[in-house]
Amino acid sequence: MSATERDTDAPCVPADPPEWCAPMLATLTHDHFSDPGWIYERKLDGERALAFRNGGELRLMTRNRKRIEATYPELIDALAAQPVRDFVADGEIVAFSEGVSDFSRLQSRMQIKDPDKARASGVTVHFYLFDLLHVDGRDITGLPQRERKAILRDAFAFEDPVRYTPHRNEDGEAYLAEACRKGWEGIIAKRADAPYAHSRSRDWLKFKCSAGQELVIGGFTEPKGSRIGFGALLLGYYDAGALRYAGKVGTGFDDDFLAAFRDRLDGILCEASPFADDVNESGAHWVAPEIVAEIGFTEWTSGGKLRHPRFLGLRRDKAAGDVVREA
């Protein structure tokens with residue numbers, strides 16, 4: 001029995017192998033929940049990729065339609081060895097550091113376009129498959145999420161470097177707490193009965209783990225487009241008496257705050273940058289470093305900057321000079 005014969009009434013559609021399928025994209029939310037109608041997967045920090053096979057032809061493509069077979073030749077070898085010879089599979093290519101997916105480590109592989117150099121790079125990669133769009137001459141994107149994953153699990157022989165992405169049922173909040181304790185980026189919540197949509201959808205939601213701490217506002221950028229007030233706040237922390245630049249935050253504000261806080265910033269403008277580091281931000285304005293903000297973020301980068309920062313609010317209970325980088 002083929003993978004798609006498990007349910008003759010399922011909305012599978014006979015179809016030739018497609019040249020391209022736009023990937024389904026998740027929507028970030030801070031409203032976390034547990035629901036038996038959803039499944040929850042580990043969020044991996046890597047390179048999204050779609051694998052296309054039509055007999056002997058194999059293509060590996062990024063979400064913006066770039067071919068990357070030469071960058072990951074060992075993945076092509078593993079996909080070519082699969083028993084199913086007609087498929088479109090969706091997944092994430094990752095490299096690990098101490099058990100945690102490490103995008104910085106993966107970047108050194110992403111720049112390589114020669115298969116021999118890629119194999120000799122010393123960066124081990126894995127391809128975590130989490131969805132199946134086409135198999136055995138049929139388009140299965142109309143099937144429910146849970147059914148597509150069951151077909152995926154049965155259709156492939158999962159051995160390194162190709163791995164199946166497991167999921168949890170119901171306990172989304174508990175799984176997110178576990179993910180954060182382990183230093184993961186977060187989890188993806190997926191509505192179990194949803195079809196595959198070739199667009200961003202609220203049937204897939206991102207629950208991110210966020211670190212957080214107070215940081216000092218040392219400047220801001222001008223708004224662009226329809227934005228009012230300011231574009232982003234320039235942030236820092238004190239180290240041995242010097243204000244070190246930690247990056248900028250441009251999300252987490254509403255229009256009322258953008259307008260009102262710009263007036264406050266204009267009242268403390270100064271001519272020189274308060275940061276000890278060079279800040280290469282166009283349209284930057286400097287302010288006296290006296291206002292403290294609470295910032296959520298996923299992690300510190302190796303270069304000492306915030307990753308995925310989000311403004312949470314202003315702090316009145318801590319002096320700017322007491323703000324240091326927290327371990």
Side-chain angles (χ1 to χ4, degrees), residues 3 21 23-26 38-53 58-63 67-110 112 115 118-119 121-136 140 143 145-169 172 175-176 178-179 181-190 192 196 204 206-207 209:
C21 294
M24 188 167 179
L25 303 176
W38 292 67
I39 64 172
Y40 304 90
E41 297 174 348
R42 177 179 180 178
K43 188 179 188 306
L44 294 161
D45 191 10
E47 184 171 30
R48 181 79 173 272
L50 293 166
F52 296 78
R53 184 176 190 180
L58 261 168
R59 291 176 293 125
L60 195 59
M61 304 184 73
T62 66
R63 55 184 283 184
R67 296 188 62 162
I68 52 175
E69 296 93 339
T71 301
Y72 306 109
E74 68 272 52
L75 300 185
I76 296 300
D77 293 343
L79 292 168
Q82 291 296 326
V84 59
R85 297 181 58 80
D86 170 14
F87 63 79
V88 179
D90 194 354
E92 190 92 359
I93 301 170
V94 298
F96 287 100
S97 293
E98 299 180 351
V100 177
S101 57
D102 187 339
F103 187 75
S104 297
R105 179 170 172 77
L106 182 66
Q107 284 223 340
S108 61
R109 272 298 291 270
M110 292 169 63
I112 301 174
R119 293 181 192 276
S121 68
V123 178
T124 300
V125 297
H126 298 88
F127 192 17
Y128 277 79
L129 300 183
F130 50 70
D131 217 320
L132 193 62
L133 288 65
H134 180 100
V135 65
D136 292 337
I140 65 168
L143 287 173
Q145 173 72 73
R146 201 186 299 275
E147 179 72 7
R148 295 196 310 275
K149 286 204 71 173
I151 295 173
L152 170 67
R153 187 176 58 243
D154 291 346
F156 281 73
F158 287 99
E159 296 180 358
D160 282 342
V162 178
R163 295 179 174 179
Y164 176 76
T165 304
H167 63 266
R168 300 275 184 91
N169 297 307
Y175 195 25
L176 177 63
E178 178 185 335
R181 287 195 302 270
K182 291 180 176 179
W184 299 353
E185 188 179 359
I187 64 173
I188 301 291
K190 298 180 176 180
Y196 190 99
W204 286 10
K206 289 184 282 189
F207 295 1
C209 297

Practice prompt. Calculate, to the nearest 0.5 Å, the distance between atoms NZ and CG belonging to Lys43 and Leu176 respectively.
Written response: 12.0 Å

Practice prompt. Report yes or no: do Tyr128 and Arg163 form a side-chain donor-acceptor pair below 3.5 Å?
Written response: yes

Worksheet item: Below 4.5 Å, heavy atoms only, C-beta onward: do Arg67 and Thr62 meet side chain to side chain?
Response: no

Discussion item. Within the 4.5 Å heavy-atom criterion, are Leu75 and Ile93 side-chain neighbours or not?
Written reply: yes

Discussion item. Would you compute the distance between atom CG of Asp77 and atom CD of Glu69 and round it to the nearest 0.5 angstrom?
Written reply: 12.0 Å

Item to complete: On the 0 to 90° scale, with breaks at 30° and 60°, tag the Phe207-Tyr40 ring pair as parallel, tilted or perpendicular.
Response: tilted

Worksheet item: Which distance, rounded to the nearest 0.5 Å, do you find between the OG of Ser101 and the CD of Glu92?
Response: 8.0 Å

Practice prompt. First locate atom CD of Glu47, then atom CG of Leu106, and finally report the distance between them rounded to the nearest 0.5 Å.
Written response: 6.5 Å

Practice prompt. Please find out if less than 6.0 Å separates the ring center of Phe87 from that of Phe156.
Written response: yes

Worksheet item: Are more than 12 heavy atoms from other residues, nucleotides or ligands located less than 6.0 Å from atom CZ of Arg119?
Response: yes

Worksheet item: Below 4.5 Å, heavy atoms only, C-beta onward: do Trp204 and Leu25 meet side chain to side chain?
Response: no

Discussion item. For the CG atom of Leu152 and the CG atom of Leu129, what is their distance to the nearest 0.5 Å?
Written reply: 5.5 Å

Discussion item. With a 4.5 Å cut-off on side-chain heavy atoms, are Ile188 and Lys206 touching?
Written reply: yes

Practice prompt. Run the numbers on Ile39 and Arg168 for side-chain contact (heavy atoms from CB on, under 4.5 Å), then give the verdict.
Written response: CA-CA 6 Å; Ile39 64 172; Arg168 300 275 184 91; over 6 Å; no

Worksheet item: For the atom pair NE2 (His167) and CZ (Arg153), what is the distance rounded to the nearest 0.5 Å?
Response: 7.0 Å

Discussion item. Is any side-chain heavy atom of Ile112 closer than 4.5 Å to one of Met110?
Written reply: no

Worksheet entry | Arg85/Asp136 ion pair, N-O < 4.0 Å | no

Discussion item. What I'd like to find out is whether the side chain of Val94 reaches to under 4.5 Å of the side chain of Phe103, using heavy atoms alone.
Written reply: no

Item to complete: Using a strict cut-off of less than 4.0 Å between a Lys/Arg side-chain nitrogen and an Asp/Glu carboxylate oxygen, indicate whether Glu41 and Lys190 qualify as a salt bridge.
Response: yes

Worksheet entry | Results of ring-ring contact (aromatic ring centres under 6.0 Å, His included) for Tyr72 - residues two or more places apart only | none

Worksheet item: Taking it one step at a time, do His126 and Asp160 satisfy side-chain contact (heavy atoms from CB on, under 4.5 Å)?
Response: CA-CA 7 Å; His126 298 88; Asp160 282 342; 3.5 Å; yes

Discussion item. Side chains of Val162 and Leu79, heavy atoms from C-beta outward: is any pair under 4.5 Å?
Written reply: yes

Worksheet item: Would you say the side chain of Ile140 lies within less than 4.5 Å of the side chain of Ile151, judging by non-hydrogen atoms?
Response: yes

Response to the item:
In short, Ile187 meets Gly172 closest at the heavy-atom pair CD1-O, 3.4 Å

Item to complete: Taking Arg53 for its side chain and Leu58 for its backbone only, find out whether a donor-acceptor pair lies under 3.5 Å.
Response: no

Worksheet entry | Check: Glu178/Trp184 side-chain N/O donor and acceptor closer than 3.5 Å | no

Discussion item. Quick check: closest heavy atoms across Arg109 and Val123, and the distance to 0.1 Å?
Written reply: NH1-O, 2.8 Å

